[in-house]
Amino acid sequence: EWIKFAAACREGEDNSKRNPIAKVRSDCEETQPIVYRITGQGIDESPIGVFIINSRTGEINITKIVDRELTPVFVILCHAENAATGLAVEKPLELRVRVLDVNDNIPIFSQTIYEGAIEEGGMENTLVMKLVATDADEPNNLNSKIAYKIESQEPAGAPMFILNKQNGELHIANILDREQHSSFSLIVKATDRDGGSDGISSQCTCGVKVIDVNDNFPTLGQSSYSASISENTLSSEMFRIQAIDADEEFTDNWKAVFFFISGNEGGFFDIVTDPATNQGIVRCIKKLDYEQMQSVPLSIGVRNVAAFHHSVSSQYQVIEGPAFSPSSISFSASESLTKQSISTYIVGTYQAIDMDTGRPATNVRYIMGRDPDALFIINPNNAEIRFTKIIDRESHYVINGVYTAEVLAISRDFPQRTSTGTILLTIQDANDNCPLVTNEIRKVCMNTPSVVIIAKDLDADPHGPPFKFVIVSQPRNHLWDIRYVNVCQTPFLHRHGWGWGRVRVCHVDHAHTSRGASASLSLPDQSETESGTKLFFKMHYLLFLSPLVIPILMSRSDCCGNCLGAGTKHGVGAGFETVPECTEGNIHSWGIEGAQPEDRVNIYTNTYGGGGMVTSGGVEEITGLGTVKGYGTAGGYGTAAGYGTTGRKESIGGTIKEYREGGVNMAFLDSYFSEKAFAYADEDEGRPANDCLLIYDHEGLDSPVGSIGCCSFIGDDLDDTYLDTLGPKFKTLAEICLGREIEPIPDVNLPWPTTVVTENTYTTGSTLQPAMPIPDPVLQGNVIVTETYTTSGSPLKPPTRNVDPLYSPNVVVTERVVAPASVTGLHGMLEIPDLPDGSNVVVTERVIAPSSRIPPSLSIPDLADASNVVVTERVIRPASGLQSNFGIP
Amino acid sequence: FLPQVKEWDENGVGRWKTFKRQKR
């Protein structure tokens, strides 16, 4: 297959100076006279005569200016014929001449004028329309790549639209308001060469009409109207109400609908709309009776025929809800009300007003708000207020004879609205008080063995009758007595000892009734007094003062502190360490074909040793077998570091089958090779055959479909010598491609020496079984390590291994972890004694996902012999990843 | 057949190039 154009010429130019553009030659020239002839489009088909050939030399010339837009490619059919007989000596050869594009075409809009419309108030970035321009130049070429741009906007101002440069989509850039600008006119330019300065441009006009939505509320021309009508008459037009609306005139967004809010309960009136003027005509349709109503207050509302736009609808007809009007109300009552009388006493009614109707609110409930003395109770339905108890003008909640409380009206609709009204209760005084001991504060201590008590009549008679003070109780007899010190009979209490007492202060008024106030007296004991404790004595009406001071010791538990102090110390001790997990395998280029770059080993090893980026892909597994140098876990398992490898990466490097079994990302491989194949196919020059890529498998047992992967294989099918330059796998592939019978890969069935190492490890009390010496670890061959250990102390079952030498050259290390349990139980469980034989294989393993820490359990003595092999590996799926002929008990 | 075409570099210098059949 001839896959390349033979030549190229530029359209619109004289290419003759480049002649000859191509030449063909048949090697039959050497033995016979040959004439060359061409046919096809551009020769003997339209456009005729573009190409001619020198029949003797085979040189092909171009003679005319060509237009790529007419003929992008010429296919010249070349013939070689015997000059004497005219017989063809060669099969006709297709020679293609590609016409190179020149930017000689202007972008053409599909319409000269675009018209579109979009609703006002729409979301930004809403698509308005799409402009399309085409360019006849070569597709997928910069000459035909069009960039769109808004050149101007009318009316000017802030840009209201944005034009997608690539696809010509016109979007809203700002919120449009029809009431501001009802239409826009844009000049749009399309420029090829992606808008570059060397591009060619064309323009079009783009008109955008802004569609009205009902986003304006109608209002009334006046806030009040009045009219008069005689009783017993009807009127077809009492008065007109003008509606004003900013939306588009004569549309439903503009047309008004009038309605009565209140006042027309009798149905005497109606309103019709004059569609021409948008006025409401108020008519009287039912006779009025002057004697029944001399005036009728009508409350009228207006809306539109069309529903309000969702963007504003919530703002229409705001519900004001209930409110107390006036905001406070005053009541009065006498404190002489008895307990019996208050049970039926109604203080008053305080209803909220529906501010939308002006009538008492109906859909509300009432509760008491601030009511410091809990004096009121209100009926939740009708706002009737009653007392809860006897009122007292002398209550400290009463200020200047007025008690203040609040009542709340809460609407029952959602959202609930609450209005607050204030109740001012003026309490009329009555003579109902005994003398009251004032707020005298006396310090009672050792040196002041008396306290003066002053009584005051709260009924406000400063010159009331004398008071009488009596000692009510004392814990010990006669520790206190009362001594009157002046004519006002103000007593003082004289102390005779320690302790507490109670004094009652009685007032003998005109009626010789005795009501009392009492207070407790308390004196500190001697020690407290001597230490200077002060006692404040405060007497008030029925107020007991208890000057006890109770120290409160806040004891703070130091548990937290202890806990914090004993916080986890990472890294202390050792234990099971979590194996870092990654989910995606990496593919290493050396794993595909060819030698492995040496530095990859270090890269990989370092990653592994870091403990943080270990991947679980099969490639890493296999690679890890060959790159144990420096391997160790983050928890201190690095004792394996520094030990040698088997030195046989080839033998343990995986085939692609292993890659699959290990979970290599086959999608990645597919993509990788597909891209490579494309890249090679598009390159101008053929690549040497040994430069192609190969992913190859021998189609062994259970090979997945497509195991012979993609290969970009380029070569001259007439020349087989390139096969000799290929490696065995490439050569096999080449032979497959050529349809040859291939020979099996020689190393598959070679009887490589096989070594089996079995290691068993016990938790405690067991000794490590000596490792089996390997006679010659350097020999090419299989190494299969099967290992079982347990931490549970259960009897160890003998490991079972099954070695199949067919699966070479591999090292398969399987591992079984039986119930890793104790953290400390593994301590020292693995001690590797001196290995007298230099050819040992030491297998260490990783524990997959134990949670806690264990102390370092693996100590490996210095193995001086370089031929030791330390195999460190990771088992991701111990069961499923094994081949069927491997059995693990 | 041995086809050759002339290719032009950026400097306008023509160069004959022989094409082989290529197989993918």
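Letters A, B, ... are given to chains in the order of the sequence lines, protein chains preceding strands, and every chain is numbered from 1.
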Ignoring hydrogens, what is the shortest heavy-atom contact between [X] and [Y]? Give both atom names and the distance.
X       : Y       : value
B/Lys6  : A/Arg18 : NZ-O, 3.3 Å
A/Ala22 : B/Trp16 : CA-CZ3, 3.6 Å
A/Leu95 : B/Pro3  : CD1-CB, 4.2 Å

Q: With a 4.5 Å cut-off on heavy-atom pairs, point out which of A/Val89, A/Val24, A/Asp27 contacts chain B the most.
A: A/Val24

(Q) Strictly less than 4.5 Å between heavy atoms, which residues of residues 56-68 of chain A line up against chain B? Please order them by number. (A)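 Within residues 56-68 of chain A, near chain B: nothing under 4.5 Å.
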
Q.
Are more than 12 heavy atoms, taken from residues, nucleotides or ligands other than A/Lys17, located less than 6.0 Å from that residue's NZ atom?
A. yes

Q.
Please check if the number of heavy atoms outside A/Asn140 that lie under 6.0 Å from its CG is greater than 12.
A. no

(Q) With side chain to side chain contact (heavy atoms under 4.5 Å, CB included) as the test, pick out the partner of B/Phe1 among A/Arg25, A/Lys91, A/Glu90, A/His79. (A)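 Only one of A/Arg25, A/Lys91, A/Glu90, A/His79 forms a side chain to side chain contact (heavy atoms under 4.5 Å, CB included) with B/Phe1, namely A/Glu90.
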
Q: Would you mind checking which part of A/Cys78 comes under 4.5 Å of any heavy atom in chain B, side chain (CB onward), backbone (N, CA, C, O), both or neither?
A: both

